[in-house]
Chemist: 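This is the structure, below, for whatever I ask next.
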Protein chains: 2
Amino acid sequence: MKRSQARPTPSQLERPILSVDVVLLHADRAKLHALLLRRTEQPFLGALALPGVAVRVDETLEFAARRALVTKTGLAADHAAGLHLEQVATFDALFRDPRGRTVTVAHMALSAARLPIEPGSAGAWIELSRIPRGSLPFDHDEILQTTLSRLRGKLRYTNIAARLLGDTFRLEELQSVYEAILGRTLNRSNFRTKLLKIGLIERAGVMAGSTGAQGGRPPHLFRFTRQDVAAEDREFV
Amino acid sequence: MKRSQARPTPSQLERPILSVDVVLLHADRAKLHALLLRRTEQPFLGALALPGVAVRVDETLEFAARRALVTKTGLAADHAAGLHLEQVATFDALFRDPRGRTVTVAHMALSAARLPIEPGSAGAWIELSRIPRGSLPFDHDEILQTTLSRLRGKLRYTNIAARLLGDTFRLEELQSVYEAILGRTLNRSNFRTKLLKIGLIERAGVMAGSTGAQGGRPPHLFRFTRQDVAAEDREFV
DNA sequence: GCAAAAGTGTTACCACTACACCCATGC
DNA sequence: GCATGGGTGTAGTGGTAACACTTTTGC
């Protein structure tokens with residue numbers, strides 16, 4: 001940390017810029033969507049990218065991440081304040097940003113609702129399957145994949161799915177979220193039995209009326225038993 | 001990323017310093033040891049702390065982490081180059097360093113051997129139970145705990161323990177490493193059966209002669225089947 | 001009554017745990 | 001031969017996966 005007495009070389013005084021990038025996810029009709037930003041400047045003008053900002057000296061990474069969502073995508077500040085936000089990993093490849101050395105701390109944000117984006121802004125919700133590998137600028141493909149991998153991991157032993165759904169939900173909705181993230185189908189009967197047995201979710205009344213067009217038995221509503229994101233003793237999916 | 005046209009305020013131009021801190025771990029006689037550094041300057045002069053350096057503009061985080069080990073603790077450069085090194089998390093509390101805003105990327109390094117520290121240097125191997133909570137400066141306690149938690153997690157579903165042992169080892173040694181990290185005893189018979197059944201380890205001959213002072217059956221030697229750190233399908237401890 | 005959606009039960013299988021017992025060596 | 005460390009087997013238990021079946025609604 002102490003600078004040497006001799007005249008410092010440029011590489012000893014120049015420092016990497018620190019930034020944050022945010023992957024905001026939302027589950028809509030059994031599909032995962034990410035909030036992307038259409039770039040309005042070079043490089044990668046016009047491309048869809050993750051929202052991000054340089055970190056200021058007087059703010060935390062979490063603060064910077066929420067600031068990125070608000071200022072870059074037109075998300076309402078109070079909406080951004082309520083999002084689940086957690087650090088994923090730090091990306092540091094030397095030439096990841098052609099403008100200069102920037103190290104970025106990737107964050108995962110989860111939203112229970114498809115939050116409204118300010119129409120004039122550059123933000124847009126994009127379904128994940130419509131983001132081909134290699135289509136995002138910088139190293140944002142890698143950041144997205146790492147984030148999804150992290151989400152997949154935490155889904156197996158935490159109640160993090162609660163952050164992607166409203167207070168109450170049908171079991172079929174919950175299962176859809178799990179299936180969308182895990183990328184495989186789950187057995188309906190076993191899914192219900194297990195999640196109830198380990199006490200991850202509990203009943204919250206019955207939904208009024210049916211859901212489908214052709215009728216069908218009205219579903220129960222459920223809620224997560226814990227409001228905070230907590231780890232279970234063992235994996236359960 | 002684009003600077004505003006108006007005259008920038010200090011907080012818009014000042015940036016956090018980026019650093020790395022390294023938790024180098026080694027398993028010795030069923031105990032985990034960490035490489036710590038006795039500080040030779042303020043603040044926290046004389047205290048034991050994690051090795052760390054500020055990141056230069058032209059180096060990766062991994063490079064900086066190895067540089068920290070070599071320059072701060074007197075570890076041989078070729079030894080440092082062979083260590084398993086992975087990113088853990090980024091720590092960003094506003095006042096974590098009294099000298100100024102510094103964001104640090106914590107790294108976990110694992111060594112198969114108790115690497116020799118240069119005698120004149122400030123480095124020392126300290127057994128983890130001899131590092132009381134709250135005894136490390138800065139937020140290094142939190143960094144250490146987070147690193148151990150990560151190691152504990154990866155132990156459950158990867159072969160990362162291979163990085164803490166030599167090429168071949170007795171099963172009892174391996175079990176000791178697992179027990180030291182998990183903080184609980186494991187059943188010898190089941191441990192052996194499971195690790196062999198899932199193919200995590202394989203036999204590598206029989207050790208010549210006995211180990212104990214009072215005799216005993218000569219143990220088999222084992223090795224990990226995979227040399228790279230890879231995830232299993234399911235947790236196994 | 002029929003189709004659709006949701007809820008429940010059953011069974012076979014597999015994995016995990018705990019424990020006991022057997023084997024090979026030094027002294 | 002006995003203590004010690006290492007290797008192997010097994011029975012009981014509990015969780016999981018696959019599947020069939022029942023309930024409740026709309027039309």
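Below, chains carry the letters A, B, ... as their sequence lines are ordered, and counting in each starts from 1.
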Chemist: In this structure, how many angstroms lie between the C1' atom of D:dG14 and the CD1 atom of A:Ile198, rounded?
Modeler: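 Atom-to-atom, A:Ile198 to D:dG14, this comes out as 15 Å.
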Chemist: When the distance from CG of A:Leu196 to P of C:dT8 is rounded to whole Å, what number comes out?
Modeler: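 Rounding to the nearest Å, CG of A:Leu196 and P of C:dT8 are 9 Å apart.
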Chemist: Counting any heavy atom closer than 4.0 Å, what does B:Arg203 reach on the DNA or RNA strands: base, sugar-phosphate only, or nothing?
Modeler: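 The residue B:Arg203 makes sugar-phosphate contact but no base contact.
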Chemist: Of the listed nucleotides (C:dA5, C:dA24, C:dT8), which one gets closest to any side-chain atom of A:Arg192?
Modeler: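 From the listed options, C:dT8 comes nearest.
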Chemist: Nearest whole angstrom, please: distance from the P of D:dG15 to the CZ of A:Arg234.
Modeler: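 Going from A:Arg234 (CZ) to D:dG15 (P), I get 12 Å.
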Chemist: When you measure from the side chain of B:Asn190, which nucleotide among D:dG7, C:dT17, D:dT16 comes out closest?
Modeler: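 Per side-chain heavy atoms of B:Asn190, the pick is C:dT17.
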Chemist: Measuring from A:Leu164:CG to A:Leu155:CG, what's the distance to the nearest 0.5 Å?
Modeler: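 Spacing of CG (A:Leu164) from CG (A:Leu155) equals 8.5 Å.
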Chemist: Distance check: side-chain N/O of B:Arg217 vs OP1/OP2 of D:dT4, anything under 4.0 Å?
Modeler: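 No, because none of the side-chain N or O atoms of B:Arg217 sits under 4.0 Å from OP1 or OP2 of D:dT4.
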Chemist: Using whole Å, what does the distance between atom P of nucleotide D:dG6 and atom CD of B:Glu172 come to?
Modeler: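 For the pair B:Glu172 CD and D:dG6 P, the rounded distance is 5 Å.
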Chemist: Is a donor from one side chain sitting under 3.5 angstrom from an acceptor on the other, for B:Glu62 and B:Thr60?
Modeler: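 Result is no, nothing qualifies.
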Chemist: Report the distance from atom CD of B:Gln175 to atom P of D:dG6, rounded to the nearest whole Å.
Modeler: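 B:Gln175 atom CD is separated from D:dG6 atom P by 10 Å.
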Chemist: Is the shortest heavy-atom distance from the side chain of B:Leu83 to the side chain of B:Leu110 under 4.5 Å?
Modeler: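 No, too far: nothing below the 4.5 Å cut-off.
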Chemist: Classify the side chain of B:Ser189 and the base of D:dG7 as holding, or not holding, a donor-acceptor pair under 3.5 Å.
Modeler: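 When only heavy-atom distances are counted, B:Ser189 does not reach the base of D:dG7 through any donor-acceptor pair under 3.5 Å.
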Chemist: Can you check the A:Lys194 NZ to D:dG14 P distance for me, whole Å?
Modeler: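 Roughly 15 Å, once rounded to whole Å.
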Chemist: For D:dG7, does OP1 or OP2 lie under 4.0 Å from any side-chain N or O of B:His220?
Modeler: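 Yes, B:His220 has a side-chain N/O under 4.0 Å of OP1/OP2 on D:dG7.
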Chemist: Salt bridge check, B:Lys154 against B:Glu86: does any charged N sit closer than 4.0 Å to a carboxylate O?
Modeler: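 Looking at B:Lys154 together with B:Glu86, the answer is yes, because their closest N to O distance falls below 4.0 Å.
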Chemist: For A:Asn187 and C:dA6, give me the distance from atom CG to atom P, rounded to whole Å.
Modeler: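 Between P of C:dA6 and CG of A:Asn187: 15 Å.
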Chemist: Tell me which of B:Arg188 and B:Glu235 sits closer to the 5' end of DNA chain C, going by the nucleotide each one is nearest to.
Modeler: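 Result of the comparison: B:Glu235.
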Chemist: NZ of B:Lys197 versus P of C:dC14: gap in Å, rounded?
Modeler: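 Distance, rounded to whole Å: 11 Å.
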Chemist: Would the number of heavy atoms belonging to other residues, nucleotides or ligands and lying under 6.0 Å from CG of A:Asn187 be above 12?
Modeler: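 Yes, the 6.0 Å shell around CG holds more than 12 heavy atoms from other groups.
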